[in-house]
Amino acid sequence: MTAVSLESFLDQLRQFRADASAALDAASDAAAFEAARVEFLGARSGRLKAIQKQLGGLSVADKPAAGRHFNEAKATVEALLTAAQDRVAATTAGVTAEAIDVTLPGTPVPLGHVHPITQTIRRVQEIMGRLGFESVDGPEVEDQWHNFQALAIGAEHPARDPLDNFYLAVARGADPLLLRSQTSTVQIRVMETRQPPLRIVSLGRVYRPDTADATHYPMFHQVEGLLVEKGTTMAHLKSVLRLFASSFLGGDVHVRFRPSFFPFTEPSVEVDMEWGGRWIEMGGAGMVDPAVLEAVGYDPREVSGFAFGLGVERIAARRYGVADIRDFYRNDVRFLQQF
Ligand code: PHE
């Protein structure tokens with residue numbers, strides 16, 4: 001074997017590293033990369049292999065240093081090779097992902113829709129709107145005047161029981177506020193600020209500390225209706241509720257009044273609706289009590305009115321055939337998708 005000097009051996013390693021590095025940097029696709037791999041690290045005729053063969057021609061004294069440099073150069077070029085391989089793979093993947101085949105059929109975009117309770121609210125507003133009832137809002141945090149006192153629910157009335165209401169802690173001595181337990185509060189708020197004739201409907205959340213079951217939930221929605229005009233009677237009340245019921249549920253709905261009591265209506269009734277052979281209690285109603293008209297500054301000898309309050313979850317459950325109102329609030333898309 002021809003003698004090889006350490007210097008010329010190290011020169012060749014330097015050249016090898018420089019050439020390999022340049023070639024791998026330039027490799028921009030899989031074919032160029034593979035060609036560089038074969039040229040520099042190929043097991044049979046690669047340049048590293050050729051350099052390795054010269055190790056035998058070095059003097060015994062130079063061999064350890066030459067071996068160390070050889071291994072270093074080999075490790076460096078192998079690392080460059082791995083890096084180049086990753087780079088080429090990433091570019092190739094990017095190109096594939098960006099390529100759009102415009103001849104493929106489109107993928108449908110899943111569309112959401114409003115919650116069934118919101119759908120029900122909008123439908124009720126629309127039907128009542130056609131009967132001339134304007135939709136208004138009221139606050140969910142109420143004072144005792146609007147939730148009770150103005151509705152003739154006196155200080156000692158059991159409806160004020162802390163166990164039946166969500167009172168909010170406020171500074172001692174002040175009248176505690178509460179989450180409204182009924183939307184009848186809005187009757188008062190509207191009558192306090194406007195003069196008759198009035199036709200309003202108000203839909204919103206109410207709160208009562210009930211244990212959740214198939215027909216109860218501590219938060220639910222009510223639709224409140226109020227009409228105050230000269231000469232209003234129970235017949236108007238029943239006509240409006242019947243028109244509403246048949247628009248909402250279908251033409252063959254029956255509406256039934258059962259005598260009842262509410263402090264703010266006189267007379268008062270429970271409202272039942274029959275549809276598909278089943279009677280369901282939908283809420284309460286009655287003629288606005290003269291004491292309430294007086295509390296808001298109206299003259300009960302001049303005007304009379306009716307009011308009603310129905311449970312939105314009940315009418316939604318009836319309409320959509322839902323057996324358990326808790327399903328409305330589980331937020332399970334499989335349930336909500338059906339409406
Ligand atoms: N606010 C009553 C309730 O929550 C329902 C009602 C409204 C009754 C209007 C009469 C008139 O039970």
Side-chain angles (χ1 to χ4, degrees), residues 121 124 128 131 133 135-140 142-154 157-161 163-166 178-192 198-210 215-229 232-242 244-245 255-273 280-293 295-296 298 300 303-315 325:
I121 287 173
V124 172
M128 294 306 294
L131 297 175
F133 287 74
S135 183
V136 298
D137 264 336
E140 289 177 27
E142 263 299 3
D143 52 38
Q144 304 208 29
W145 167 258
H146 292 97
N147 202 87
F148 299 125
Q149 195 63 46
L151 290 163
I153 303 172
H157 197 282
R160 295 204 185 209
D161 194 322
L163 293 177
D164 293 330
N165 293 282
F166 287 109
L178 75 159
L179 298 179
R180 67 179 177 190
S181 62
Q182 51 182 351
T183 45
S184 300
T185 53
V186 186
Q187 290 183 34
I188 302 301
R189 288 196 172 269
V190 169
M191 288 192 285
E192 278 174 341
L198 273 183
R199 289 187 189 192
I200 59 103
V201 69
S202 187
L203 289 101
R205 296 187 184 90
V206 299
Y207 301 85
R208 294 178 193 175
D210 289 331
T215 54
H216 295 85
Y217 209 75
M219 181 281 302
F220 58 102
H221 297 75
Q222 286 187 331
V223 43
E224 190 83 14
L226 172 70
L227 180 148
V228 185
E229 282 168 23
T232 310
T233 70
M234 287 286 271
H236 297 121
L237 169 62
K238 196 160 193 183
S239 302
V240 166
L241 286 173
R242 231 204 80 78
F244 165 73
V255 175
R256 175 172 79 185
F257 283 172
R258 279 178 294 122
S260 185
F261 175 80
F262 296 101
F264 42 93
T265 46
E266 179 60 37
S268 302
V269 294
E270 301 286 334
V271 181
D272 300 335
M273 291 180 187
I280 309 236
E281 187 185 317
M282 290 294 189
M287 299 306 291
V288 181
D289 193 301
V292 173
L293 295 174
V296 297
Y298 288 2
V303 288
S304 55
F306 67 71
F308 62 86
L310 313 177
V312 172
E313 278 76 359
R314 284 200 183 165
I315 56 184
I325 67 163

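Start at 1 and go down the list; that is how both ligands and their atoms are numbered.
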> Of Arg205, His221, Glu224, Glu140, which meets side-chain hydrogen bond (donor to acceptor under 3.5 Å, both in side chains) against Thr183?
Replying inline: Glu224

> What are the two closest non-hydrogen atoms of Phe148 and Ser181, and how far apart are they?
Replying inline: CE2-OG, 4.4 Å

> Quick one: which ligand 1 atoms are inside 4.0 Å of a heavy atom on Ala285?
Replying inline: 8 (C), 10 (C), 11 (C)

>> For a salt bridge (Lys or Arg N to Asp or Glu O under 4.0 Å) check, start with the C-alpha distance between Glu281 and Arg256, then their side-chain angles and the critical distance, and finish with the verdict.
In response: CA-CA 9 Å; Glu281 187 185 317; Arg256 175 172 79 185; over 6 Å; no

> Any N or O on Arg208 sitting closer than 3.5 Å to an N or O of ligand 1?
Replying inline: yes

> Is there a nitrogen or oxygen of Ser184 sitting under 3.5 Å from a nitrogen or oxygen of ligand 1?
Replying inline: yes

> Can you say whether the rings of Phe306 and Phe133 are parallel (under 30°), tilted (30 to 60°) or perpendicular (over 60°)?
Replying inline: tilted

> Within the structure, does Gln182 bring an N/O atom to less than 3.5 angstrom of an N/O atom in ligand 1?
Replying inline: yes

> Which of the atoms in ligand 1, numbered in the order shown and given with their element, are less than 4.0 Å from a heavy-atom of Gln222?
Replying inline: 3 (C), 4 (O)

>> Is the contact between Phe308 and ligand 1 made by the side chain, the backbone, both, or neither, using heavy atoms and a 4.0 Å cut-off?
In response: backbone

> Between Arg258 and Asp272, is there a salt bridge with N-O shorter than 4.0 Å?
Replying inline: yes

> Can you tell which of Val223, Val201, Leu310, Val255 makes a side chain to side chain contact (heavy atoms under 4.5 Å, CB included) with Phe244?
Replying inline: Leu310

>> Using a 4.0 Å cutoff against the non-hydrogen atoms of Glu224, which atoms of ligand 1 qualify?
In response: 7 (C), 9 (C)

> What is the distance from atom CD of Gln149 to atom NE2 of His157, rounded to the nearest 0.5 Å?
Replying inline: 11.5 Å

> Do ligand 1 and Gln187 have nitrogen or oxygen atoms that lie under 3.5 Å from each other?
Replying inline: no

> Which ligand 1 atoms are under 4.0 Å away from a heavy-atom of Gly309?
Replying inline: 6 (C), 7 (C), 9 (C)

> How far is atom 12 (O) of ligand 1 from its nearest protein heavy atom, and which residue and atom is that?
Replying inline: Phe262 CE2, 3.8 Å

